[in-house]
Amino acid sequence: MDVFNIAKSIEKFIFELLMWLIFYPYTLFRVIFQPNSMMEYARHETARDEAVSFESGMKPAIFLFLSIVIAAYIAPVHKEELAAMNSTQAGQYISASWVNLLFFRMLIYSIFPIVAALIYDLATPGQVTRKSLQIPFNQQCYICAPFTLATSSTFVLFQHTENPVYFGIFILAQLWLLGSNFFFFRRQLGRSMVTSAAISLAVFVIAWAGFLSVTLLAVEYKGLS
């Protein structure tokens with residue numbers, strides 16, 4: 001056993017954890033109030049060497065993942081809901097542990113950035129590839145992180161409390177994402193206001209349709225009889 005390497009790994013882990021504590025709220029604040037600027041930042045940093053990229057902000061995928069983790073702590077799924085999920089094989093697997101439930105949330109909320117990135121890539125010249133999707137996906141992860149944090153937590157909290165404040169935050173998050181994507185498509189594609197609004201709305205509807213379809217399939221699908 002190499003004690004020195006273990007110590008270095010622990011040191012690196014602690015340092016990265018502390019950086020998350022510092023840069024998560026800093027990145028969140030900047031994305032909420034400067035979404036266009038942060039999407040340009042994501043474009044610029046994604047094109048740089050991975051070893052030195054995103055030095056003044058969180059990496060987009062990690063930023064989105066941490067938002068989902070925080071939302072899961074703010075508004076955990078209640079035992080009654082977990083029991084209802086156990087009626088299907090897929091539901092039993094998802095609700096078997098907190099980690100499974102967390103990664104399921106990651107799966108369904110990742111639909112929003114990937115749908116937007118895919119539609120953006122389809123609207124631009126060239127073939128859709130992993131490389132061509134990387135920049136728009138990272139840009140979308142940035143704006144989908146605060147959207148996910150607000151949507152995931154308030155959706156659960158409103159169901160249990162029916163507090164109109166939670167519903168208001170939920171609606172505000174939807175409008176914020178629509179507006180952010182409107183400026184994203186207008187700036188990146190150079191389309192008219194009407195076309196950019198239509199693309200933003202289409203992305204929003206398709207992403208929510210995918211979100212709900214995957215959720216219902218996972219929770220209610222009982223398998224082949």
If you define the side chain from C-beta out and look only at heavy atoms, does anything of [X] sit under 4.5 Å from [Y]?
X      : Y      : answer
Ser53  : Thr46  : no
Val203 : Phe185 : yes
Ile206 : Ile111 : no
Cys144 : Tyr109 : no
Ser196 : Leu189 : no
Arg130 : Leu133 : no

Leu118 and Phe137: side-chain contact (heavy atoms from CB on, under 4.5 Å), yes or no, with the steps?
CA-CA 8 Å; Leu118 182 59; Phe137 178 73; over 6 Å; no
Taking atom types as modelled, find out whether [X] and [Y] have a side-chain donor-acceptor pair closer than 3.5 angstrom.
X      : Y      : answer
Ser56  : Tyr41  : yes
Asp121 : Gln127 : no
Gln188 : Glu40  : yes

Quick check against the 3.5 Å criterion: does [X] have a side-chain atom that pairs as donor or acceptor with the backbone of [Y]?
X      : Y      : result
Gln139 : Ala42  : no
Ser132 : Val128 : no
Ser213 : Gly210 : no
Thr27  : Met58  : yes
Arg186 : Arg191 : yes

Out of curiosity, Leu21 CG to Leu18 CG, how far, rounded to the nearest 0.5 Å?
6.0 Å
Phe183, CZ atom: more than 12 neighbouring heavy atoms under 6.0 Å:
no
Does the side-chain contact (heavy atoms from CB on, under 4.5 Å) test come out yes or no for Val115 and Gln140, once each step is laid out?
CA-CA 9 Å; Val115 166; Gln140 287 294 319; over 6 Å; no
So which atom in [X] and which in [Y] form the shortest heavy-atom distance, rounded to 0.1 Å?
X      : Y      : result
Ser153 : Ala75  : O-CB, 3.4 Å
Leu28  : Pro146 : CD1-CB, 3.7 Å
Ala71  : Thr148 : CB-O, 4.4 Å
Val214 : Leu107 : CG1-CD2, 4.4 Å
Thr215 : Phe211 : OG1-O, 2.7 Å

Donor-acceptor pairs under 3.5 angstrom involving side-chain atoms of residues 163-180: please list them, not counting sequence neighbours.
unit_1	atom_1	unit_2	atom_2	d
Asn163	OD1	Val165	N	2.9
Gln174	OE1	Trp208	NE1	3.1
Gln174	NE2	Thr151	OG1	3.1
Gln174	NE2	Phe170	O	2.9
Trp176	NE1	Ile32	O	3.2
Ser180	OG	Trp176	O	2.9

As a quick check of understanding, evaluate side-chain contact (heavy atoms from CB on, under 4.5 Å) for Ile199 and Asn181, giving each step before the final call.
CA-CA 9 Å; Ile199 295 174; Asn181 266 331; over 6 Å; no
Cation-pi check, Arg48 onto Phe54 ring (under 6.0 Å, within 45° of axis):
no
Of Tyr26, Trp20, Tyr142, Phe23, which is the lone residue that meets ring-ring contact (aromatic ring centres under 6.0 Å, His included) with Phe63?
Tyr142
Let's go through Asn138 and Glu45 carefully: what are the C-alpha distance in whole Å and the side-chain angles of both, what is the deciding distance for side-chain hydrogen bond (donor to acceptor under 3.5 Å, both in side chains) to 0.1 Å, and is it a yes or a no?
CA-CA 10 Å; Asn138 281 345; Glu45 293 299 308; over 6 Å; no
Run the numbers on Val69 and Arg105 for side-chain contact (heavy atoms from CB on, under 4.5 Å), then give the verdict.
CA-CA 9 Å; Val69 172; Arg105 282 190 177 189; over 6 Å; no
Are Leu122 and Phe112 connected, step by step, through hydrophobic side chains (Ile, Leu, Val, Met, Phe, Trp, Tyr) whose heavy atoms are closer than 4.5 Å?
no
Is there a path of hydrophobic side-chain contacts, each under 4.5 Å between heavy atoms, that joins Ile135 and Val31?
no
Ring pair (Phe, Tyr, Trp, His ring centres under 6.0 Å) partners for Phe182, two or more places apart:
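Partners of Phe182 by the ring pair (Phe, Tyr, Trp, His ring centres under 6.0 Å) criterion come out as none, since no residue qualifies.
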